[in-house]
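Written out below as C-alpha cells is the structure these notes cover.
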Amino acid sequence: MRAGANHISTRISDSSELLDSACGLCSNENCLIQKNIHTSSIGKLVKARKEIKCKKGQQFIMEGASVTGLFFLLSGKVKVLRTGLHGKEQIVRFASPGEIIGHRGFGTEETYPISAIALVDCTLCYFSKELLQESLRETPGLTYDFMLFYANELNRSEIRVKSLSQMTVRERVIDTLLYIDRKFGQVNGYSSLLLSRREYADYAGTTEEQVIRMLSILKKEGLLITKGKRIGIADIALLKKEISEHNFYLDS
DNA sequence: CCATTAAGAGTGT
DNA sequence: ACACTCTTAATGG
C-alpha cells in the first residue's frame, strides 16, 4: 500500500518536471504565467501551482483576511467586491478566465482589500505569495507583464471613478450592460452571465429598484429584451451611442 | 408529478 | 426606501 503510493507520487513529480505540468498544457492565453511558460526560471512556480475548485456562490477571498497568495481564474466567472458601510456591496469588477484575482493584496499589503465570490462553478490556480515574489525577481519578462497588468488595472479603476461620479443612472446601467456584454458575451441573444438585478445595481452604483425600472424603460424603447432574469441587448449600437460622449465603453 | 414555499422581479406610493 | 403583488425556481412528498 505505502510503497504503491510512493511510487505514484514520484511518477507524478517526474512527469511535471519533464512537461511544464498543467500550465504547459493550459490553453488559457490570457494568463501571464502561461505566457511566460518558456522561461526556465518559472518552472519552480508552475510546479507549486495549486488547483482549487470553487462552487457557485462560494467566497474564496475574504475582505480583511491576510494575504497568502494570488489566484488566476482558469475557468468560470467571478465577482470582486468591496463591502460598504451599511453592508452594501460595491462590485469592483467581474473576472473571466485568465484574469488575476487578489493582486491588490500583493506587495506590501497585509490583508486583502476585496472579497471574491464565484458566480458559477470555478477552477482557480493558486500561487503562494513567496514563490511568486521569487519568480518576479528572477523573471523580467513576467515582471514586465505584471507591470503592464497593474498599469492597465489602475487605468481602468480611474475610468470607473469617472463613470460612477459623472454618469447618470441611465448611463451607468447602460455602461454596466455593455461591460458585461464585452466581458462575457451573449448566447442565443441573452447575456451568458446570469446576474440578479441587485448585482447589476451593485456594479452600477445604484439600487435594485432603479435598475429594474431602467431595464423596463430600455425594454420599452426596444434597446433590450428580457426573459426572466435573462437580459439581452437588442440594439448595441444605440446603447453605445448613448454613452459615447463619455468615451468609456472603449475599455475592457 | 403536483403542491407548497422561498426567492427574486416588477410596480406603485 | 418601503410595501405589496406577481412570476419563477427549488423542495419535498
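Reckoned from all heavy atoms, side chains included, excluding hydrogens, waters and symmetry mates. Numbers restart at 1 for each chain; the letters A, B, ... are given by sequence-line order, proteins then strands.
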Determine whether the aromatic ring centres of residues A:H103 and A:F71 are separated by less than 6.0 angstrom.
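Aromatic pair excluded; centres sit 6.0 Å or further apart.
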Side chain of A:R49, backbone of A:C23: donor and acceptor closer than 3.5 Å?
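No, A:R49 side chain to A:C23 backbone: no donor-acceptor pair under 3.5 Å.
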Among A:I91, A:V173, A:I212, A:I231, which residue meets the side-chain contact (heavy atoms from CB on, under 4.5 Å) test with A:Y200?
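The option that passes is A:I231.
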Side chain proximity check, A:F149 to A:I100, heavy atoms < 4.5 angstrom
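With C-beta onward as the side chain, the pair touches.
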Going 5' to 3' through nucleotides 6-13 of chain B and flagging B where a protein heavy-atom sits under 4.0 Å of the base, S where only the sugar-phosphate is that close, and - otherwise, we get ---SBBBB
Distance under 6.0 Å and angle within 45° of the ring axis: does A:R160 meet both against A:Y203?
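Ring-cation test returns yes.
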